[in-house]
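Taking it in order: structure first as structure tokens, then the write-up.
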Amino acid sequence: MAEMRTALGMPITHQTKTSKNPIIQWILDVWEGFYTVLVGMGVTWRHFFRKPFTVQYPHEKLNIPKQARQRVHVDIDLCGGCLQCDKICPAGIIKIVTAKPVAGEDLGVRPNGKRRALHIAEFTIDHSKCLYCGLCETVCNDDAIYMIPDFQYTTRSLEQLVVNYSRYSPEERDRVVAAAAAEKAAKQASKPAVPQTKVSDPQPNIPSPSVDSDVFNEKCPGPDGEFK
Amino acid sequence: MSQFNPLEAFNLPIVYWQIIWAGIIVAFVTVFALFAVYLERKISAYAQDRMGPMETGGWQGWAQTIADALKLLLKEDIIPELADRRLFKLAPYIVFAGSLGVMAVIPFGVNLIGTDLNIGLYFILALSSTVVIGILMAGWASNNKWALYGAMRSAAQMVSYEIPIGLSLMLPVLLTGSLSMIDITNAQKSGILADGYFWNWYIFRVPPFTLIAFILYFWASLAETNRTPFDIPEAESELVSGYHTEYTGIRFAMFFLAEYANMFIVAAIASVVFLGGPLAPAPWLNWIPGPIWMLLKSLVLVFIQMWLRWTLPRVRVDQLMHICWKIFLPLALVNFIVIATLVVLWQK
Amino acid sequence: MTPPKEGLYGRNILITNVDKLFRWARASSIWPQTFGLACCAIEMMAAAASRFDLDRFGVFMRPSPRQSDAMIISGTVTLKMASRVRRLYEQMPDPKWVISMGSCANSGGPYWEGGYHVLKGVDLIIPVDVYIPGCPPRPEALIDGILELQRIIKETEHNRAI
């Protein structure tokens, strides 16, 4: 049995009147085309009187789920400076500078009861590169870094998206870092010199990796790279 | 029924009247285009459960199209380096003039008309064909393959659909025995049963045939104005935006204006020829002046055009030609022959 | 930028008010290109669809760069696409604006140090007016960006190519 087709050549899949007389079939097809247009117009007509689906955003807002990942936020008081988030970040956008307190300096206790062991001299997140995966939130031991459902931080320049969450000003940061370095140097100097006489055991000769390590070390084209 | 006759009222020479009327028409078309774009955006929005313009100008975004028009006038005017500069500049004016010239013979009242040509309907068909030339010029002069594709499609489509349009418009001409738009309007005042009622309009005069002619005309006019479902000349998904791809700012605004003017014009022709134009549907509604009836009928048809646009998908090129040559043309021919026979029989 | 001349072309009432009207017109009808690069484009479509409806602000997508005022860089700009993006920008008539949407367009996003194929921020090839952070940003964030762009257009005295 030949497949029935409408006047437009579309296969007929629904129940429709057919005739063996081609002229009557033509009339039926034309009628069906006209009738289906009317059906479609009826559908549109019903939509005219529906309540719009629109949320008029600046005036009314949708509820954003609490677990929505729209922005990284750091509660710097809770942060212990373990660098876990820095290490796990796939984009590598978290920059943390920590410094040990000098001897006799007590940094107090964090709100979660743990002792504060390090200065968080700098905690910078470049929001323009963040991919909102939430891994930093997962690995944080102190729940200090987490995602918040805040998306309203459109800016006119990229610099505004690089946020330093630390409470230390740049001068303070330099000061604590320098103090910690000075103390470390002083400690090393005061250590008794270890005699270097011990000969190490002959190590098995490990051949250097056959893969050309330059491939991995090669710097990728940066912002000021090849593309012009 | 007394109608306002501006020529008698002010005792003006007809040339003055025509100049004034031309000014009125240009102003009207511009204002109508602004209104129609706004209307279209609102209708499309509500067809899709959206809200459309809401912010510009306050209440319901009423100033949206004014801002759009002002912005388009202020944009940089780019003419591509390899374009045919003279044709490129001329094309929008030809398209717009072709649309606007038709307005000269459309009666807004029983006496309110730019000029009552005795070949009115023929003039309309002839002048609206020149729009094709403007579109082809635009497509060719842009030196852009998408623009040329759009122009070729537009030419093919408009030339094909001229034939069903002409044949459907011949029915009222046969019934009236005149091509003048005023004569066609007046012939719809009386006929069957009581005079002055809506059943004297040509759409209801010879029941199935004139109705079919009206539907054919209306559908074919969608193709004539390049609107969905026949908007393949500016199909965004295939051609970037058809024949006006390379046009910026005010020249693009001219095309936009011409498109919406065209929508009004085909609706106005349909309402004059089939729906009695400025005539009231019943004698006791005669106190409402003719231009208001004319505008009302045309706006309803414009609304149906927009309604159809936001209902139907775009047809393919082959489907477009199929609809024209295998459906519209036979129907229009049968209609024409039947009515011609009836007219001859009646006259005997 | 040279300071506006005093006197005839200075800040007299007429020019200031007309300029204000022009800025209102430009800010109220931003027509971006129908142009998406990656997953942010999905959110751009969502912003234009029924739920958020960019048409409320007069933002309505134009298919041709010749008829658009703004460009929403929605997604990763690969080096191959960068020249096309640049060309589309150059095809737009003045005055024109660029919205950079999402981390990839802002600065290369997750590809910013290891991506051998990604442009490290679209502001290296075209001037960007508004940066929308997010990966991808919510449709509301895009609307925020457009409102910010409207503010920029309304604040800037003597817009480009006036």
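Order of the sequence lines fixes the chain letters, A, B, ..., with proteins taken first and strands second; residue numbering starts at 1 for each chain.
Residues C:P110 and A:A91 share a closest heavy-atom pair of CA-CB, 4.1 Å. Residues A:L158 and C:D123 approach most closely at CD1-OD2, 3.3 Å, considering heavy atoms. In this structure, C:W112 and A:G92 approach most closely via the heavy-atom pair CZ2-O, 3.3 Å. When every heavy atom of A:C130 is checked against every heavy atom of C:S103, the shortest pair comes out as O-OG, 2.7 Å.
Under the 4.5 Å side-chain criterion, counting only non-hydrogen atoms from C-beta, A:Y153 is in contact with C:P133. In this structure, A:P58 and C:F57 have side chains that are in contact, with non-hydrogen atoms separated by less than 4.5 Å.
Across C:C135, C:G145, C:S100, the residue that shares the most heavy-atom pairs under 4.5 angstrom with chain A is C:C135. Of the listed residues (C:A49, C:G109, C:G121), the greatest number of heavy-atom pairs within a distance under 4.5 Å of chain A belongs to C:G109.
Here the SG atom belonging to C:C104 is positioned 12.5 Å from the NZ atom belonging to A:K129, to the nearest 0.5 angstrom. Taking CG from C:D129 and CZ from A:R156, the interatomic distance works out to 9.5 Å, rounded to the nearest 0.5 Å. In this structure, CG on C:D53 lies 8.5 Å from CD on A:Q56, to the nearest 0.5 angstrom. Here CZ of A:F53 is found 9.0 Å from CZ of C:F52. Values are rounded to the nearest 0.5 Å. Within the model, atoms OH of C:Y131 and OG of A:S128 stand 9.0 Å from one another, a figure rounded to the nearest 0.5 Å. Between A:T154 atom OG1 and C:R151 atom CZ the span is 9.0 Å, to the nearest 0.5 Å.
Of the possible donor and acceptor atoms, one in the side chain of A:T54 sits under 3.5 Å from a partner among the backbone N and O of C:S50.
For chain C, the nearby part of A:L161 is the side chain; its heavy atoms alone come within less than 4.5 Å. Contact of A:Q70 with chain C is made through the side chain alone, with heavy-atom distances under 4.5 Å. Heavy atoms closer than 4.5 Å to chain A are found in the side chain of C:R56, but not in its backbone. Contact annotation for C:L147: only side-chain heavy atoms (C-beta onward) come within less than 4.5 Å of a heavy atom of chain A.
At most 12 heavy atoms of other shown residues, nucleotides or ligands fall within 6.0 angstrom of atom NZ in A:K95. Crowding of A:Y35 atom OH: a count of heavy atoms from other residues, nucleotides or ligands under 6.0 Å not exceeding 12.
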Next item on the list: Evaluate the side chain to side chain contact (heavy atoms under 4.5 Å, CB included) criterion for residues A:I64 and C:E140: first the C-alpha distance (whole Å), next the side-chain angles of each, then the deciding distance (0.1 Å), finally the verdict.
Entry: CA-CA 11 Å; A:I64 310 277; C:E140 291 107 316; 4.0 Å; yes
Margin query: Run A:Y57 and C:D144 through side-chain hydrogen bond (donor to acceptor under 3.5 Å, both in side chains) and show every step you take.
Written below: CA-CA 9 Å; A:Y57 163 64; C:D144 269 343; 3.1 Å; yes
